[in-house]
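Some notes on the structure that comes next.
Remember, predicted model here, so these are calculated numbers, not experimental data. We use all heavy atoms of the structure for the numbers below, so side chains are in, but hydrogens, waters and symmetry mates are not.
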Amino acid sequence: MNEQMKLEAYNAIRAKAEANPLYQKSKSLHKKFQYLRFFDDANRPLNGQQIRREDKNSIPEGAEGFDEKTARIVIYNFVDGLLHSENDEPAVQYPNHWEFWNQGLLQKVVADGGDTEEYWKNGLPIRIETNLAQRRRNDEEI
């Protein structure tokens, strides 16, 4: 399959996802990285932990539009170029936010310090639970 066909297939998958109301509601800034493989400067698939400083809009330090006031450290974990969680470690994490991925696809997002949980299947969220702190205080079953 040529590169143009791969790009067209990816764009079709992404357009379908972006039309999904739960996808739009998701707290994941990195959901757009699904189905993507990442490479280093020598064109080798990324492996292990990568750390970068980025702002609340996922713009990395040094890029145009980077907002210093909202900067934070984001930790990514890769296996063979794909975002991937192993040993209960999130594939993407920053303060009060954790994302669990399986071979380049989101599985679960824990946001707002645990007050929001998202459950994903086949690249789309299937359930988003919010206000969990209050619900736990009320002894609601979650």
Side-chain angles (χ1 to χ4, degrees), residues 1 3-41 43-142:
M1 183 179 331
E3 292 302 314
Q4 185 60 35
M5 289 175 68
K6 289 178 185 178
L7 181 60
E8 287 172 7
Y10 170 74
N11 287 337
I13 289 169
R14 190 157 168 194
K16 180 181 177 186
E18 289 174 354
N20 180 296
L22 287 178
Y23 186 93
Q24 294 170 14
K25 185 180 175 185
S26 171
K27 302 264 182 159
S28 172
L29 296 176
H30 301 87
K31 60 191 170 198
K32 63 187 177 238
F33 293 161
Q34 293 189 109
Y35 304 102
L36 295 179
R37 181 165 270 143
F38 295 83
F39 298 88
D40 63 17
D41 293 337
N43 205 33
R44 294 176 302 224
L46 287 177
N47 279 295
Q49 195 170 83
Q50 304 288 318
I51 301 173
R52 76 177 194 177
R53 195 163 177 254
E54 58 186 45
D55 68 14
K56 70 175 184 170
N57 295 313
S58 217
I59 299 173
E61 184 174 38
E64 186 176 330
F66 176 75
D67 180 9
E68 179 69 38
K69 290 180 235 155
T70 64
R72 60 188 170 210
I73 299 297
V74 179
I75 301 169
Y76 296 91
N77 288 300
F78 293 93
V79 172
D80 195 28
L82 300 170
L83 285 167
H84 186 73
S85 299
E86 290 185 328
N87 304 319
D88 293 323
E89 288 287 324
V92 178
Q93 62 180 310
Y94 52 87
N96 295 313
H97 186 96
W98 306 269
E99 297 184 9
F100 298 87
W101 293 62
N102 184 17
Q103 298 178 352
L105 289 176
L106 256 169
Q107 302 291 300
K108 182 178 181 181
V109 176
V110 179
D112 305 325
D115 198 41
T116 300
E117 291 184 5
E118 304 174 9
Y119 301 90
W120 290 64
K121 186 174 182 178
N122 298 324
L124 293 172
I126 56 172
R127 188 173 92 230
I128 298 177
E129 299 285 342
T130 59
N131 301 315
L132 293 175
Q134 183 62 45
R135 292 169 62 191
R136 287 180 183 114
R137 282 192 291 274
N138 294 341
D139 291 327
E140 288 182 38
E141 190 171 323
I142 301 171

Should E129 and Y119 be marked as a side-chain contact (heavy atoms from CB on, under 4.5 Å) after you check the CA-CA gap, both sets of side-chain angles, and the distance that decides it? CA-CA 9 Å; E129 299 285 342; Y119 301 90; 4.3 Å; yes
Taking every heavy atom of I13 against every heavy atom of Y35, the minimum-distance pair comes out as CG2-CE1, 3.4 Å
Applying side-chain hydrogen bond (donor to acceptor under 3.5 Å, both in side chains) to E54 and not counting sequence neighbours gives H30, R52, S58, Y76
The side-chain contact (heavy atoms from CB on, under 4.5 Å) partners of K121 (sequence neighbours excluded) come to I126
W98 and G114 have their tightest heavy-atom pair at CZ3-N, 4.1 Å
By side-chain contact (heavy atoms from CB on, under 4.5 Å), A63 pairs with (sequence neighbours left out) I59, P60
CH2 of W101 to CD of Q107, rounded to nearest 0.5 Å, is 10.0 Å
Worksheet entry | Main-chain N/O of A91 paired with S85 side-chain donor or acceptor, under 3.5 Å | yes
Taken in chain and number order and not counting sequence neighbours, the residues that satisfy salt bridge (charged side-chain N to carboxylate O under 4.0 Å, His left out) with R53 are E61, E68
Sorted by chain and number, sequence neighbours left out, salt bridge (charged side-chain N to carboxylate O under 4.0 Å, His left out) with E89 holds for none
Rounding to 0.5 Å, atoms NE2 (H84) and CG (N102) come to a distance of 5.5 Å
Rounded to the nearest 0.5 angstrom, the CG-CZ distance for D88 and F100 is 7.0 Å
Minimal heavy-atom distance between I73 and Y94, with the atoms involved, is O-CB, 3.4 Å
- Query: Between the main-chain N or O of A111 and the side-chain N or O of H97, is there a donor-acceptor pair closer than 3.5 Å?
  - Reply: no
Rounding to 0.5 Å, atoms CD1 (I51) and CD (Q93) come to a distance of 9.0 Å
Contacts of S28 meeting side-chain hydrogen bond (donor to acceptor under 3.5 Å, both in side chains) (sequence neighbours excluded), chain-then-number -> E99
Minimum side-chain heavy-atom gap L83-N77 below 4.5 Å | no
D80 meets the salt bridge (charged side-chain N to carboxylate O under 4.0 Å, His left out) criterion, sequence neighbours left out, with R37
For K56 and R72 the tightest heavy-atom approach is CA-NH2, 3.5 Å
Checklist entry - Can you check whether L106's main-chain N or O pairs, donor with acceptor, with Q34's side chain at less than 3.5 Å? => result yes
Sorted by chain and residue number, the side-chain hydrogen bond (donor to acceptor under 3.5 Å, both in side chains) partners of Q134 (sequence neighbours excluded) come out as R137, N138
Hey, does L105 have a side-chain heavy atom less than 4.5 Å from the side chain of W120?
no
Sorted by chain and residue number, the side-chain hydrogen bond (donor to acceptor under 3.5 Å, both in side chains) partners of T70 (sequence neighbours excluded) come out as D67
Quick one: does L124's side chain get under 4.5 Å of L22's, heavy atoms only? no
Pair D115-N131, side-chain contact (heavy atoms from CB on, under 4.5 Å): steps then yes or no: CA-CA 5 Å; D115 198 41; N131 301 315; 4.2 Å; yes
d(Q103 CD, L82 CG) to nearest 0.5 Å is 7.0 Å
d(K16 NZ, Y23 OH) to nearest 0.5 Å is 13.0 Å
Applying salt bridge (charged side-chain N to carboxylate O under 4.0 Å, His left out) to K27 and not counting sequence neighbours gives D112
Contacts of N122 meeting side-chain contact (heavy atoms from CB on, under 4.5 Å) (sequence neighbours excluded), chain-then-number -> none
Residues at least two apart in sequence or cross-chain that pass side-chain contact (heavy atoms from CB on, under 4.5 Å) with F38, listed by chain then number, are F33, L36, L46, F78
